[in-house]
Amino acid sequence: QKEVEQNSGPLSVPEGAIASLNCTYSDRVSQSFFWYRQYSGKSPELIMSIYSNGDKEDGRFTAQLNKASQYVSLLIRDSQPSDSATYLCAVNLTRDDKIIFGKGTRLHILP
Amino acid sequence: DAGITQSPRHKVTETGTPVTLRCHQTENHRYMYWYRQDPGHGLRLIHYSYGVKDTDKGEVSDGYSVSRSKTEDFLLTLESATSSQTSVYFCAISEGLAGESYNEQFFGPGTRLTVL
């Protein structure tokens, strides 16, 4: 069974600190990796895509990919209360048109 | 999600009735997807389309059918709704496998369906 695993949380982080979210996946041939943010009652919003090993930075967000260890992470620097949401990891597990979503990690930024 | 709309946004129906949900896009993206999201299960793919009249099943396709007669519209039909189909339904679109942003999916606002 191909899977994407995330810690469900909640993960509580003080305002201004770095929030670290992790995701592991089961398929070694995965090609595309995504992080979505979902506020309660809203639809998922794509915040980061990463396709090759290493780090990718976009503003306060950094995605890290390690294909050998089959994990992808998201770092949020200078965390703000508005970052409180559920973060979904998604992975294209095979060379096709579909992606598999993890169940999400709830992040709570403490003011 | 400015280029993706879903209708209706909320619907309450009774067991055994047919229900059709509509997804409309203005981005001219090739791929369209229907997901359902339930507590404890996350987002699960129901069906997807890779072109007009080209569709395929996802992991939870039983009890659902889809149609795509135009690039911009993707319909999800519950032929005879059951209480287990009470969920939030999201449509997503993607340009597909070509280009630097391949496989990126963008979501519509969702439809909350309650089957009594």
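Below, each value reflects all heavy atoms present in this structure, side chains not excepted, and no hydrogens, waters or symmetry copies. Note on naming: letters A, B, ... go to the chains in the order of the sequence lines (proteins, then strands), and numbering restarts at 1 for each one.
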Original post:
Between A:Ile47 and A:Val4, is there a shared hydrophobic cluster once you connect ILVMFWY residues whose side-chain heavy atoms come closer than 4.5 Å?
Top reply: yes
Original post:
Can you hop from B:Met32 to B:Val60 via hydrophobic side chains spaced under 4.5 Å?
Top reply: yes
Original post:
Out of curiosity, does B:Trp34 fall in the hydrophobic cluster containing B:Leu75 (side-chain heavy atoms, cut-off under 4.5 Å, transitive links)?
Top reply: no
Original post:
Between atom OG of A:Ser32 and atom CD of B:Gln105, what is the distance when rounded to the nearest 0.5 Å?
Top reply: 10.0 Å
**OP:** Indicate the atoms forming the closest heavy-atom contact of B:Phe107 with A:Pro44, along with that distance.
**Re:** CB-O, 3.6 Å
Subject >> A:Arg60, CZ: over 12 other non-hydrogen atoms inside 6.0 angstrom >> reply: yes
Original post:
Transitively linked via ILVMFWY side-chain contacts under 4.5 Å: B:Phe74 with B:Tyr50?
Top reply: yes
Original post:
How close do B:Glu104 and A:Tyr36 get, heavy atom to heavy atom, and via which atoms?
Top reply: C-OH, 4.5 Å
Original post:
How long is the span from the CG atom in B:Asn103 to the OH atom in A:Tyr51, to the nearest 0.5 Å?
Top reply: 6.5 Å
Subject >> A:Ile100 side, atom CD1; B:Leu45 side, atom CG - distance, nearest 0.5 Å >> reply: 7.5 Å
Original post:
Is it true that A:Phe33 and A:Tyr71 fall in one hydrophobic cluster, defined by side-chain heavy atoms closer than 4.5 Å?
Top reply: no
Original post:
Where on B:Gln37 is there a heavy atom nearer than 4.5 Å to chain A: the side chain, the backbone, both, or neither?
Top reply: side chain
Subject >> From CA spacing to verdict: side-chain contact (heavy atoms from CB on, under 4.5 Å), B:Tyr31, A:Lys98 >> reply: CA-CA 10 Å; B:Tyr31 290 83; A:Lys98 297 176 286 191; over 6 Å; no
Original post:
Just by modelled atom types, is the B:Pro109 backbone N or O under 3.5 Å from a matching donor or acceptor in the A:Lys42 side chain?
Top reply: no
Subject >> Exceeds 12 heavy-atom contacts within 6.0 angstrom, atom CD of A:Glu57 >> reply: yes
Original post:
Given a strict heavy-atom distance threshold of 4.5 Å, which part of A:Glu45 is in contact with chain B: side chain, backbone, both, or neither?
Top reply: neither
Subject >> Heavy-atom pair with the smallest gap, counting every atom of A:Ser43 and B:Gly108 >> reply: CB-O, 2.9 Å
Original post:
Which answer fits B:Leu43, side chain, backbone, both or neither, if we ask what part of it has an atom under 4.5 Å from a heavy atom of chain A?
Top reply: both
